[in-house]
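Encoded as structure tokens, the structure appears first; notes follow it.
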Amino acid sequence: MDQVTQLTTVVQQTLATMIKKYCSHSGCKRLIDFNKRYCDKHKPKQQHTSSTSDYANMIHGSNKWRRTSLLYREAHPICEACLKASKRAGKRADKRAGMINLATSVDHIKSLADGGSAYDWNNLQSLCDYHHSLKSQQEREQKNKPYRLVTKPRTI
């Protein structure tokens, strides 16, 4: 029986590479292996994975986070950083002053790695792509900055 199972598996794998079908992306006419769904050009992106911790990956992959994120974005559809920048526009010249974008992601104000609450709306903010990448870059730079111990000068 074991040989039959192995033979069946080999035949299925061989047929899957021999038989071709069209990519499932609308309008794409590229031929791909039968056991695949999309060609390399239209393959869906990987889900978001955090390089900070497995805990963050577990949270962001959960249905509870997807619901929380969706509800928060529906309640706060405009990028909160854009709104703050437009309010500051009169005080100083900002290259993005007056630009208000729709939010594309929900971000934790205090990161999960720093002990921020995952589902608390007080720890969430809606951000556009520009401000989310800017905040992430600042967090990465802060994390990679060497820690300096500041001491008071000794008086004699």
Side-chain angles (χ1 to χ4, degrees), residues 12-13 16-17 20-155:
Q12 287 175 345
Q13 289 173 347
T17 57
K20 301 289 183 181
K21 68 174 186 173
Y22 288 116
C23 172
S24 294
H25 188 270
S26 178
C28 182
K29 297 296 180 190
R30 292 185 180 175
L31 291 174
I32 57 171
D33 292 341
F34 187 74
N35 61 346
K36 294 183 179 178
R37 184 163 182 196
Y38 296 104
C39 65
D40 290 337
K41 181 179 178 184
H42 298 114
K43 195 179 296 182
K45 295 179 182 176
Q46 293 288 330
Q47 284 188 341
H48 172 76
T49 55
S50 172
S51 59
T52 55
S53 70
D54 290 335
Y55 174 69
N57 290 334
M58 183 184 73
I59 294 295
H60 292 131
S62 70
N63 286 330
K64 185 176 181 181
W65 171 251
R66 287 188 193 102
R67 277 193 311 274
T68 303
S69 175
L70 178 66
L71 290 172
Y72 191 86
R73 243 189 348 261
E74 286 176 353
H76 303 90
I78 297 173
C79 173
E80 295 176 35
C82 286
L83 287 174
K84 288 177 188 173
S86 68
K87 289 177 183 175
R88 289 191 311 256
K91 297 176 183 170
R92 63 182 177 100
D94 189 359
K95 68 177 184 175
R96 294 186 57 88
M99 293 181 68
I100 297 178
N101 297 313
L102 291 176
T104 55
S105 61
V106 176
D107 183 64
H108 293 95
I109 297 169
K110 182 177 182 183
S111 70
L112 297 175
D114 293 336
S117 176
Y119 305 109
D120 181 14
W121 278 35
N122 295 322
N123 189 39
L124 300 178
Q125 61 183 347
S126 293
L127 296 176
C128 64
D129 285 335
Y130 173 78
H131 283 110
H132 188 261
S133 63
L134 186 68
K135 181 177 183 274
S136 298
Q137 180 184 8
Q138 289 170 347
E139 287 176 347
R140 276 192 304 274
E141 288 172 357
Q142 187 67 29
K143 183 177 153 187
N144 293 334
K145 208 180 253 187
Y147 178 75
R148 283 186 12 198
L149 181 61
V150 178
T151 59
K152 292 181 184 178
R154 290 175 37 180
T155 57

Problem - Minimum heavy-atom distance C23-C39, with the two atoms named - result: SG-N, 3.3 Å
Practice task
Using only heavy-atom distances, determine whether the side chains of D129 and T104 contain a donor-acceptor pair under 3.5 Å.
Solution key: yes
Completion exercise
A118 and H108 have their tightest heavy-atom pair at O-NE2, 3.0 Å
Problem - K36 side-chain N/O to K21 backbone N/O, donor-acceptor pair under 3.5 Å - result: no
Problem - R140 and S136 side chains, donor-acceptor separation under 3.5 Å - result: no
Fill in the blank from the handout: One should read off an interatomic distance between S24 OG and R30 CZ, to the nearest 0.5 angstrom, of 14.0 Å
Fill in the blank from the handout: One should read off an interatomic distance between E139 CD and L134 CG, to the nearest 0.5 angstrom, of 10.5 Å
Exercise for the section: Could you tell me whether K43 sits above the aromatic face of Y38, with NZ or CZ closer than 6.0 angstrom to the six-membered ring centre and within 45 degrees of the axis? Expected result: no
Fill in the blank from the handout: Here the gap from C79 atom SG to H132 atom NE2, rounded to the nearest 0.5 Å, amounts to 10.5 Å
Practice task
With rounding to the nearest 0.5 Å, note down the distance linking CG in N122 to CD1 in I109.
Solution key: 8.0 Å
Exercise for the section: Please round to the nearest 0.5 Å and tell me the distance separating atom CG of L127 and atom SG of C82. Expected result: 8.5 Å
Exercise for the section: Search all heavy atoms of D107 against all heavy atoms of K135 and return the closest pair with its distance. Expected result: OD2-NZ, 2.6 Å
Practice task
Indicate yes or no for a side-chain donor-acceptor contact from S86 to the backbone of L83 under 3.5 Å, with no hydrogens or angles considered.
Solution key: yes
Completion exercise
When every non-hydrogen atom of L112 is compared with those of G116, the smallest separation belongs to CD2-O, 3.4 Å
Exercise for the section: Determine yes or no for a side-chain-to-main-chain donor-acceptor pair under 3.5 angstrom, with Y72 supplying the side chain and V106 the backbone. Expected result: no
Problem - Minimum heavy-atom distance between T68 and Y119, given as atom pair plus value - result: OG1-CD2, 3.7 Å
Completion exercise
Heavy-atom nearest pair, K110 first then G115, reads CE-C, 4.3 Å
Exercise for the section: Let me see the working for N63 and R66 under side chain to side chain contact (heavy atoms under 4.5 Å, CB included), right down to the final yes or no. Expected result: CA-CA 5 Å; N63 286 330; R66 287 188 193 102; 2.9 Å; yes
Problem - Spacing of CD belonging to Q125 relative to NE2 belonging to H76, to within rounding of 0.5 Å - result: 11.0 Å
Exercise for the section: Check step by step if side chain to side chain contact (heavy atoms under 4.5 Å, CB included) holds for L31 and Y22. Expected result: CA-CA 5 Å; L31 291 174; Y22 288 116; 3.8 Å; yes
